[in-house]
Trainee: 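Sharing a structure below in structure tokens format, with a few things to ask.
Since the structure is predicted, the reported quantities are computational estimates derived from the model, not experimental observations. To find a chain, count down the sequence lines: A is the first, B the second, and so on, and within it residues start at 1.
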Protein chains: 2
Amino acid sequence: MNAVDVIAKKRDGGELSRAEIDLFVHGYARDEIPDYQAAAWAMAVFLNGMTRQETIDLTMSMAASGETLDLHDVAPIVVDKHSTGGVGDKTTIAVAPWVAACGLPVGKMSGRGLGFSGGTLDKLEAIPGFRTSLDIEQFKAQLARVGVVVAGQTQQLAPADGKLYALRDVTATVPSLPLIASSVMSKKIAAGADAIVLDVKVGRGAFMKTLEEAEALARIMVEIGQGVGRRVSAVISDMNQPLGHAVGNALETVEALETLRGRGPADFYEHCLVIAEQMLLLGSRASDLREARSQLEDALESGRAFEKALEWIAAQGGDVALLNGESYGLRAAPVVCELRAPRSAVVSGIDAMQVGLAAVDLGAGRHKKGDPVDHAVGIVLKAKVGDHVQAGAPLLTVHANSAAHCSRACQRLLGAYSWAEDDVSAAPLIYKVIG
Amino acid sequence: MNAVDVIAKKRDGGELSRAEIDLFVHGYARDEIPDYQAAAWAMAVFLNGMTRQETIDLTMSMAASGETLDLHDVAPIVVDKHSTGGVGDKTTIAVAPWVAACGLPVGKMSGRGLGFSGGTLDKLEAIPGFRTSLDIEQFKAQLARVGVVVAGQTQQLAPADGKLYALRDVTATVPSLPLIASSVMSKKIAAGADAIVLDVKVGRGAFMKTLEEAEALARIMVEIGQGVGRRVSAVISDMNQPLGHAVGNALETVEALETLRGRGPADFYEHCLVIAEQMLLLGSRASDLREARSQLEDALESGRAFEKALEWIAAQGGDVALLNGESYGLRAAPVVCELRAPRSAVVSGIDAMQVGLAAVDLGAGRHKKGDPVDHAVGIVLKAKVGDHVQAGAPLLTVHANSAAHCSRACQRLLGAYSWAEDDVSAAPLIYKVIG
């Protein structure tokens, strides 16, 4: 068996053994297998799929390709969360300190935005001074001291995944269920958390477009994690319209912090509660959902959740003086314009992907890896699905670098809306919890 | 549209336009598109196929990626032939001078052996001094002066194909109908022949295992050629057992020359006649098969065919003094052993691929591109399918570098034979002519 044999076997629909997967994954991580062979293999996997066992083997092979963190010297249980990516998804920034404020340590390695989908690290870096690049010792020390840490993935964890993910991005092999599942879970397993809550997004602004696909992805990820002794549950949540109101780095960070002060959008607040509840359950801090919710409400109302957020941000070097007042001192975009409703009607849809792409065009996201992002620009929705609006009422504001950017964004964003005459109810926020 | 978009379109089963194919093929030829993107694309083509129009567009795009020869200043019609590759296929060495001896110029760019399949250039290089590397001016000059030339493909012709072929070899994307058809035809079209006879092999020792596959390949190649104004026909011929008796470079060259002296194996002689007839028909040197055959028989019996072969070989620097006597002076292998029939029975099959692989193991062929070949070693069959043999009678001789090589080859080759008690007839030599 050599690399060509492994490619040919997958090309012909065969099931790869753990030894064959290891040969390929570790050979690729060690630069013994070239990019072009990995690319052909990834396309064969994309088109022919992988069995459950192959997906588990691929995950474990990638997790074993580098260092594996053990956090048990920090705390008996550390909890992590992961979102499959969406538009307006600033959940981590709210739930990580919120759960930590309930006494459960949260240690998370996070990612950057790409394409229509935003990234937590970019959002946090809207806070001047915030450091996302921590080494493993710093990560563990902060987790022990503050109880919450969110940093960029280190090169030492699952390096095979890092290499393969970069390759998939430029070879049209990203949206593949076994490749997504193994990529997510190899990193999560290597990063050492005992309990992992997966937020699997479904809809127009997500990689998974149908509930069926999302459920299949959620199930295989839960199986993989449980198969190696981690506590894992998956929340399947809606990503047809953006989550919350804000889309754009600083705007989202502010919205997440506002939510911890009890002033967040209703849908985002509820979404965070569901994710945080699952984290408390898996982390054995609550015995049922009611108890979890009551702890969370208490942490919020008492101000402890927001205080923990400031403590966390300060620990990572962020300038909390800018965040502590009634308004926030993050850099603002020079031009703000308003898109107004073209008619009196009910909003029946806001295409999250279009909103995400409009934000990328404004400079909030990346067309390709390594592009810089503008933290100030973005979009704030004023009306969401189900809302009745009068002609001329504000639909959203665009925060941009120029009037030309503003008007281009408004034009695109107008096309993201669909309308109805009668009452419309939004898609459910949460479809299912699997665990 | 960028490279990733083109890959994604083919991945999702879309039909690529000529502009999209040009973007990819010319970008790849100019090193603007990296190997890994071409590899992912090739696997997507392998698994999702290509329409007739895409295959034609790919062919023309690759042909247009470099220089295109025009041979009309040499002769009004130049004929070429191409085999899809097999075991014991020394047809070019016999038919090129034979057809030239009938007054029709033959100009052919040829290839090297890889895996179980031999290559004409390797066989010709068994003749001391024979030069296969000619530039375009030398190629045309010899074609004008001698009427026959067989040389290696120059770098200037269809460079995109050369690059893609090398990549396919290491990414398990070789046996794909549209990729094979476009690879063959792009080179043939760029090489300038007006008339092209394709010898499409089918069976155990061919890339196409079934008649259906072979016919599909033959039809698309004929369509491509005719679509750009070339005269093309395809002969579908058997490659279940090796063609003729000899397998190995010098052994095959001698057998081809012996055939031009009327002393070749019956099956190989007949196969050459069929290919040569098609060449004369397409080249307008004969108006029907009977006339073509009579011209060919005349050229052979008069000695003109063999003389033309010597003239051609001398023109390319080959030492014809070694070839001109009753025996041939090419370098012989140090050890020759005989495999004898294990029982009295009828030979019902000789697996051509096993024979080809045994020859590669002896050193006659290549495991990978760039490996050296040993011109002296090989196999000579003494019995073929349908022959009745007595126990102990010779089945074949092995020409090797050591007794150990001999005995290993004999063991493998014994397994290539299958046996029957009753009369067996061999598969037809020729299944079909398409044109």
Side-chain angles (χ1 to χ4, degrees), chain A residues 1-14 16 20 23-24 27-28 31-50 114-116 163-180 207 209 213 357 366-369 371, chain B residues 1-14 16 20 23-24 27-28 31-50 114-116 163-180 207 209 213 357 366-369 371:
Chain A
M1 267 286 167
N2 59 27
V4 176
D5 297 328
V6 175
I7 301 169
K9 188 170 177 185
K10 181 41 67 186
R11 175 197 78 195
D12 296 338
L16 302 180
E20 289 161 349
L23 177 153
F24 211 88
Y28 186 51
D31 295 327
E32 290 161 12
I33 288 176
D35 280 339
Y36 53 80
Q37 291 185 324
W41 176 85
M43 185 58 81
V45 170
F46 187 104
L47 290 170
N48 286 337
M50 274 190 151
L114 190 63
F116 64 84
K163 236 187 124 177
L164 189 59
Y165 190 87
L167 182 71
R168 285 167 55 212
D169 188 40
V170 290
T171 54
T173 48
V174 169
S176 150
L177 194 141
L179 294 177
I180 294 172
F207 290 110
K209 303 297 178 196
E213 289 173 306
L357 292 171
R366 293 182 179 82
H367 287 289
K368 61 175 201 297
K369 225 169 162 166
D371 284 350
Chain B
M1 267 284 168
N2 59 27
V4 177
D5 298 327
V6 175
I7 300 169
K9 187 170 177 187
K10 181 40 69 184
R11 177 197 76 193
D12 297 338
L16 302 179
E20 289 161 348
L23 176 153
F24 210 88
Y28 186 50
D31 295 327
E32 290 162 12
I33 288 176
D35 280 338
Y36 53 79
Q37 291 187 323
W41 177 86
M43 184 58 81
V45 170
F46 187 103
L47 289 170
N48 285 337
M50 275 190 148
L114 190 63
F116 63 83
K163 237 188 122 177
L164 188 59
Y165 191 87
L167 182 71
R168 286 167 54 208
D169 190 39
V170 291
T171 53
T173 49
V174 169
S176 151
L177 195 141
L179 294 178
I180 294 173
F207 290 109
K209 303 298 178 197
E213 290 173 306
L357 291 171
R366 293 181 179 82
H367 286 290
K368 62 175 200 295
K369 223 166 165 172
D371 285 349

Trainee: Considering distance alone, list the donor-acceptor pairs between chain A and chain B shorter than 3.5 Å.
Mentor:
from   : atom 1 : to     : atom 2 : distance (Å)
A/R11  : NH1    : B/A172 : O      : 2.7
A/Q37  : NE2    : B/V170 : O      : 2.7
A/V170 : O      : B/Q37  : NE2    : 2.7
A/A172 : O      : B/R11  : NH1    : 2.7

Trainee: Might you point out which heavy atoms bring A/A39 and A/L167 nearest each other, and give the distance in Å?
Mentor: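 Closest pair (atom of A/A39, atom of A/L167, distance): N-CD2, 3.6 Å.
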Trainee: Grab the two heavy atoms, one from A/P175 and one from A/I180, that are nearest each other, plus how far apart they are.
Mentor: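 Shortest heavy-atom separation between A/P175 and A/I180 comes out as CA-CD1, 4.0 Å.
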Trainee: Please report the shortest heavy-atom distance between A/V170 and B/V4, naming the atom on each side.
Mentor: O-CG2, 3.5 Å
Trainee: Please name the pair of heavy atoms, one in A/A44 and one in B/L47, separated by the smallest distance, quoted to 0.1 Å.
Mentor: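 A/A44 and B/L47 have their closest heavy atoms at CA-CD1, 3.9 Å.
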Trainee: With a 4.5 angstrom heavy-atom cut-off, could you sort out which part of A/A42 is near chain B: side chain, backbone, both or neither?
Mentor: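 Looking at A/A42, nothing touches chain B.
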Trainee: Just verifying a value: how many Å separate A/L179 CG and A/M50 CE, rounded to the nearest 0.5 Å?
Mentor: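 With rounding to 0.5 Å, CG (A/L179) is 7.0 Å from CE (A/M50).
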Trainee: Counting only non-hydrogen atoms closer than 4.5 Å, does A/P34 touch chain B with its backbone (N, CA, C, O), its side chain (CB onward), both, or neither?
Mentor: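 Answer is neither: A/P34 stays 4.5 Å or more from chain B.
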Trainee: Looking only at heavy atoms, what is the nearest atom pair of B/A3 and B/L23, with distance?
Mentor: N-CD2, 4.1 Å
Trainee: Kindly give the heavy-atom pair with the smallest separation between B/V45 and B/P178, and that separation in Å.
Mentor: CG1-CG, 4.1 Å
